[in-house]
Amino acid sequence: SRKSVPDPRPVGLTPRCTARDINIELSVKSQNVPMGGSVELTERFVYEGNTSCLIDASDMNSVLSVNSSDAVSKANDDAKDSKDGKDNKEVKSGKNAKDSKDAKDANSSNYLSNAVWRSDTCDTALKPLLMAKGDHFEKKITWNTNTNAGKGCTADEDLPKVNRGTYVLRVEHKRVAGLHSEPLFVNVR
(Lines give C-alpha, C1' and ligand atoms only; values in the text may rest on other atoms or scores of the structure.)
Protein backbone atom coordinates (compact mmCIF):
# COMPACT_ATOMS: atom_id res chain seq x y z
CA SER A 1 0.00 0.00 0.00
CA ARG A 2 1.12 3.57 -0.65
CA LYS A 3 1.53 6.12 2.06
CA SER A 4 0.72 9.73 1.31
CA VAL A 5 3.63 12.13 1.06
CA PRO A 6 3.42 14.89 3.67
CA ASP A 7 2.69 18.36 2.36
CA PRO A 8 5.72 20.59 2.05
CA ARG A 9 6.16 23.17 4.76
CA PRO A 10 3.90 26.19 4.09
CA VAL A 11 5.77 29.27 2.92
CA GLY A 12 4.28 31.36 5.73
CA LEU A 13 6.12 29.23 8.29
CA THR A 14 9.54 29.57 6.65
CA PRO A 15 11.55 32.15 8.62
CA ARG A 16 13.21 35.15 7.05
CA CYS A 17 16.96 34.97 6.67
CA THR A 18 19.18 36.84 9.10
CA ALA A 19 22.71 38.17 8.67
CA ARG A 20 23.97 34.90 10.22
CA ASP A 21 22.25 32.85 7.48
CA ILE A 22 23.43 34.75 4.39
CA ASN A 23 26.73 36.21 3.22
CA ILE A 24 26.70 38.80 0.42
CA GLU A 25 29.78 38.98 -1.78
CA LEU A 26 30.45 41.69 -4.36
CA SER A 27 33.05 41.32 -7.10
CA VAL A 28 34.08 43.37 -10.13
CA LYS A 29 35.79 42.46 -13.40
CA SER A 30 38.10 45.47 -13.29
CA GLN A 31 38.67 48.02 -10.55
CA ASN A 32 39.77 50.66 -13.08
CA VAL A 33 37.30 52.18 -15.51
CA PRO A 34 37.70 55.08 -17.94
CA MET A 35 35.61 58.23 -17.57
CA GLY A 36 32.19 57.49 -19.12
CA GLY A 37 32.77 53.72 -19.05
CA SER A 38 30.82 51.08 -17.16
CA VAL A 39 31.56 48.68 -14.33
CA GLU A 40 30.26 45.11 -14.43
CA LEU A 41 29.64 43.69 -10.95
CA THR A 42 28.53 40.34 -9.61
CA GLU A 43 26.48 40.19 -6.43
CA ARG A 44 26.42 36.75 -4.83
CA PHE A 45 24.20 35.51 -1.99
CA VAL A 46 25.74 32.51 -0.21
CA TYR A 47 23.72 30.53 2.31
CA GLU A 48 25.60 29.71 5.53
CA GLY A 49 22.76 28.89 7.95
CA ASN A 50 21.33 25.68 9.34
CA THR A 51 17.63 25.85 8.44
CA SER A 52 15.91 27.07 5.27
CA CYS A 53 14.98 30.73 5.13
CA LEU A 54 13.54 33.34 2.77
CA ILE A 55 15.25 36.49 1.48
CA ASP A 56 14.47 39.01 -1.26
CA ALA A 57 17.36 39.53 -3.70
CA SER A 58 15.74 42.34 -5.74
CA ASP A 59 17.49 45.69 -6.31
CA MET A 60 14.78 47.29 -4.15
CA ASN A 61 15.93 45.48 -0.99
CA SER A 62 19.47 44.36 -1.78
CA VAL A 63 20.78 47.81 -2.66
CA LEU A 64 24.06 48.50 -4.42
CA SER A 65 25.32 51.94 -3.40
CA VAL A 66 28.20 53.89 -4.93
CA ASN A 67 29.86 56.54 -2.78
CA SER A 68 32.83 58.79 -3.36
CA SER A 69 35.73 57.65 -1.16
CA ASP A 70 35.91 61.18 0.32
CA ALA A 71 32.28 60.97 1.52
CA VAL A 72 32.87 57.54 3.09
CA SER A 73 36.04 58.75 4.85
CA LYS A 74 34.18 61.77 6.23
CA ALA A 75 31.24 59.61 7.39
CA ASN A 76 33.63 57.19 9.12
CA ASP A 77 35.41 60.10 10.84
CA ASP A 78 32.08 61.60 11.95
CA ALA A 79 30.92 58.25 13.36
CA LYS A 80 34.24 57.81 15.16
CA ASP A 81 34.10 61.38 16.55
CA SER A 82 30.52 60.80 17.70
CA LYS A 83 31.53 57.57 19.47
CA ASP A 84 34.70 59.11 20.96
CA GLY A 85 32.71 62.03 22.33
CA LYS A 86 30.39 59.66 24.20
CA ASP A 87 33.08 57.40 25.72
CA ASN A 88 33.18 59.12 29.14
CA LYS A 89 29.37 59.11 29.44
CA GLU A 90 29.16 55.50 28.24
CA VAL A 91 31.49 54.20 30.93
CA LYS A 92 29.45 55.94 33.65
CA SER A 93 26.05 54.85 32.31
CA GLY A 94 27.04 51.34 31.21
CA LYS A 95 25.64 51.85 27.67
CA ASN A 96 28.92 51.26 25.84
CA ALA A 97 27.78 48.21 23.85
CA LYS A 98 24.44 49.74 22.82
CA ASP A 99 25.94 53.09 21.77
CA SER A 100 28.72 51.32 19.90
CA LYS A 101 26.07 49.34 17.96
CA ASP A 102 24.15 52.59 17.27
CA ALA A 103 27.32 54.18 15.87
CA LYS A 104 27.85 51.15 13.58
CA ASP A 105 24.19 51.32 12.40
CA ALA A 106 24.52 55.05 11.72
CA ASN A 107 27.73 54.44 9.75
CA SER A 108 25.99 51.66 7.81
CA SER A 109 23.10 53.94 6.83
CA ASN A 110 25.60 56.56 5.62
CA TYR A 111 26.43 54.32 2.66
CA LEU A 112 22.85 54.54 1.41
CA SER A 113 22.04 58.13 2.40
CA ASN A 114 25.25 59.63 0.92
CA ALA A 115 25.35 57.54 -2.26
CA VAL A 116 25.98 59.14 -5.65
CA TRP A 117 24.27 56.12 -7.27
CA ARG A 118 21.84 53.54 -5.86
CA SER A 119 20.27 50.48 -7.48
CA ASP A 120 16.87 51.09 -5.85
CA THR A 121 15.88 54.40 -7.47
CA CYS A 122 13.52 52.64 -9.91
CA ASP A 123 10.92 50.11 -8.78
CA THR A 124 11.78 46.51 -9.63
CA ALA A 125 9.98 43.22 -9.12
CA LEU A 126 10.71 41.29 -5.95
CA LYS A 127 13.10 38.34 -6.24
CA PRO A 128 12.20 36.02 -3.33
CA LEU A 129 14.68 33.21 -2.70
CA LEU A 130 14.25 30.13 -0.55
CA MET A 131 17.80 29.44 0.63
CA ALA A 132 19.01 26.15 2.10
CA LYS A 133 22.30 24.34 2.72
CA GLY A 134 24.63 24.60 -0.28
CA ASP A 135 22.57 27.30 -2.06
CA HIS A 136 23.92 30.43 -3.68
CA PHE A 137 22.44 32.99 -6.06
CA GLU A 138 24.28 35.38 -8.40
CA LYS A 139 23.09 38.45 -10.23
CA LYS A 140 24.88 40.88 -12.51
CA ILE A 141 24.71 44.64 -12.01
CA THR A 142 26.14 47.34 -14.29
CA TRP A 143 27.06 50.80 -13.03
CA ASN A 144 27.53 53.21 -15.95
CA THR A 145 29.70 55.62 -13.89
CA ASN A 146 26.84 58.07 -13.55
CA THR A 147 24.99 59.62 -10.62
CA ASN A 148 21.29 59.27 -9.88
CA ALA A 149 21.35 61.08 -6.52
CA GLY A 150 18.31 63.35 -6.37
CA LYS A 151 17.27 62.42 -9.93
CA GLY A 152 14.60 59.81 -9.17
CA CYS A 153 13.96 57.05 -11.69
CA THR A 154 15.73 58.41 -14.79
CA ALA A 155 17.13 56.60 -17.84
CA ASP A 156 20.90 56.01 -17.69
CA GLU A 157 21.59 58.09 -20.80
CA ASP A 158 19.93 61.12 -19.13
CA LEU A 159 22.06 60.94 -15.97
CA PRO A 160 25.24 63.01 -15.47
CA LYS A 161 28.58 61.17 -15.26
CA VAL A 162 30.59 61.14 -12.03
CA ASN A 163 33.94 62.91 -11.75
CA ARG A 164 37.27 61.14 -11.81
CA GLY A 165 38.20 59.59 -8.49
CA THR A 166 37.90 56.56 -6.26
CA TYR A 167 34.44 55.21 -5.47
CA VAL A 168 33.32 52.77 -2.78
CA LEU A 169 30.71 50.20 -3.83
CA ARG A 170 28.77 48.14 -1.32
CA VAL A 171 25.60 46.06 -1.24
CA GLU A 172 23.38 46.51 1.80
CA HIS A 173 20.13 44.65 2.46
CA LYS A 174 17.44 47.06 3.67
CA ARG A 175 15.28 44.36 5.31
CA VAL A 176 17.97 42.29 7.05
CA ALA A 177 19.81 44.19 9.77
CA GLY A 178 23.59 43.96 9.49
CA LEU A 179 23.60 42.16 6.12
CA HIS A 180 26.00 43.84 3.69
CA SER A 181 28.99 43.10 1.50
CA GLU A 182 32.51 44.24 2.16
CA PRO A 183 33.30 47.60 0.47
CA LEU A 184 34.81 47.40 -3.01
CA PHE A 185 36.92 50.21 -4.52
CA VAL A 186 36.66 51.32 -8.16
CA ASN A 187 38.81 54.01 -9.79
CA VAL A 188 37.20 56.21 -12.44
CA ARG A 189 40.05 57.65 -14.55
Side-chain angles (χ1 to χ4, degrees), residues 16 19 22 24-45 55-86 99 101-129 137-189:
R16 291 189 178 176
I22 301 289
I24 297 179
E25 300 169 354
L26 186 63
S27 60
V28 64
K29 283 188 175 185
S30 173
Q31 289 187 284
N32 296 307
V33 62
M35 201 56 187
S38 61
V39 179
E40 293 179 31
L41 302 143
T42 301
E43 179 182 345
R44 183 178 164 110
F45 288 74
I55 191 163
D56 177 40
S58 71
D59 289 343
M60 290 302 296
N61 286 309
S62 180
V63 182
L64 172 66
S65 64
V66 178
N67 290 271
S68 76
S69 60
D70 295 338
V72 171
S73 295
K74 183 181 180 326
N76 286 339
D77 289 346
D78 290 349
K80 184 179 179 227
D81 290 345
S82 167
K83 184 183 174 295
D84 289 346
K86 292 181 182 178
D99 288 344
K101 181 187 178 301
D102 290 347
K104 276 185 182 176
D105 290 345
N107 188 29
S108 177
S109 67
N110 284 332
Y111 276 93
L112 291 178
S113 61
N114 295 324
V116 297
W117 187 88
R118 290 174 57 149
S119 66
D120 66 344
T121 55
C122 294
D123 288 339
T124 59
L126 296 179
K127 179 67 178 162
L129 301 175
F137 171 75
E138 285 186 6
K139 70 177 181 179
K140 303 288 185 190
I141 303 172
T142 301
W143 174 49
N144 292 318
T145 62
N146 50 24
T147 178
N148 62 12
K151 305 288 184 204
C153 185
T154 306
D156 270 348
E157 59 271 5
D158 296 332
L159 293 172
K161 295 295 182 183
V162 295
N163 296 324
R164 286 180 171 83
T166 301
Y167 291 86
V168 182
L169 287 68
R170 187 173 103 154
V171 174
E172 183 172 331
H173 204 285
K174 292 194 298 191
R175 293 184 176 240
V176 181
L179 181 57
H180 56 80
S181 68
E182 290 297 317
L184 186 68
F185 294 89
V186 171
N187 299 307
V188 177
R189 299 174 181 223

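Between the CG atom of D123 and the CG atom of L126 there is a distance of 10.0 Å, given to the nearest 0.5 Å. Atom CG of N32 is separated from atom CG of N187 by 5.0 Å, given to the nearest 0.5 angstrom. Taken to the nearest 0.5 Å, the CD atom of E172 stands 11.0 Å off from the OG atom of S119. With values rounded to the nearest 0.5 angstrom, L41 atom CG is found 6.5 Å from L184 atom CG.
The shortest side-chain heavy-atom distance between L26 and R170 does not fall under the 4.5 Å cut-off. Taking the side chain as every heavy atom from C-beta outward, W143 and V188 approach each other to under 4.5 Å. Side-chain atoms of D59 and D120, non-hydrogen and from C-beta on, never get closer than 4.5 Å to each other. Side chains of Q31 and V39 form no contact here, defined as non-hydrogen atoms less than 4.5 Å apart. Side-chain contact between L179 and I55: present, with at least one pair of heavy atoms (C-beta onward) separated by less than 4.5 Å. Two residues are said to be in side-chain contact when any heavy atoms from C-beta on lie closer than 4.5 Å; L169 and V28 fail this criterion.
Here the closest heavy-atom approach between residue T42 and residue E138 is recorded as CG2-OE1, 3.9 Å. Across all their heavy atoms, V168 and S69 have their closest contact at CG2-CA, 3.9 Å. The minimum heavy-atom distance linking K174 with M60 is given by the pair CE-O, 2.8 Å. Annotation for A19 and A177: closest pair CB-O, 3.6 Å, computed over non-hydrogen atoms.
Between the side chain of T145 and the backbone N or O of G37 there is at least one donor-acceptor pair closer than 3.5 Å. A distance-only check finds no donor-acceptor pair linking the side chain of S38 to the backbone of T142 [under 3.5 Å]. With S65 contributing its side chain and A115 its backbone, the two residues share no donor-acceptor pair below 3.5 Å. Listed for the D56 side chain is a donor-acceptor partner under 3.5 Å among the backbone atoms of K127.
Applying the side-chain hydrogen bond (donor to acceptor under 3.5 Å, both in side chains) criterion to E40, with sequence neighbours excluded, gives K29.
When the options R175, H173, E43, H180 are evaluated for a side-chain hydrogen bond (donor to acceptor under 3.5 Å, both in side chains) with S62, the one that passes is E43. N146 pairs with exactly one of V162, V66, D156 by the side-chain contact (heavy atoms from CB on, under 4.5 Å) rule, that one being D156.
Defined by atom type and a distance below 3.5 Å, a donor-acceptor pair is present between the side-chain atoms of T121 and N148. Residues S68 and D70 bring no donor and acceptor atom of their side chains to less than 3.5 Å of each other.
The local environment of CD in E182 is sparse, with at most 12 non-hydrogen atoms from other residues, nucleotides or ligands closer than 6.0 Å.
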- request: Would you sort out whether I22 and V176 count as a side chain to side chain contact (heavy atoms under 4.5 Å, CB included), showing the intermediate values?
  value: CA-CA 10 Å; I22 301 289; V176 181; over 6 Å; no

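Taking the charged nitrogens against the carboxylate oxygens, D158 and K151 have no contact shorter than 4.0 Å, which rules out a salt bridge.
Outside the 6.0 Å centre-distance limit, the rings of Y167 and W117 are not counted as a close aromatic pair.
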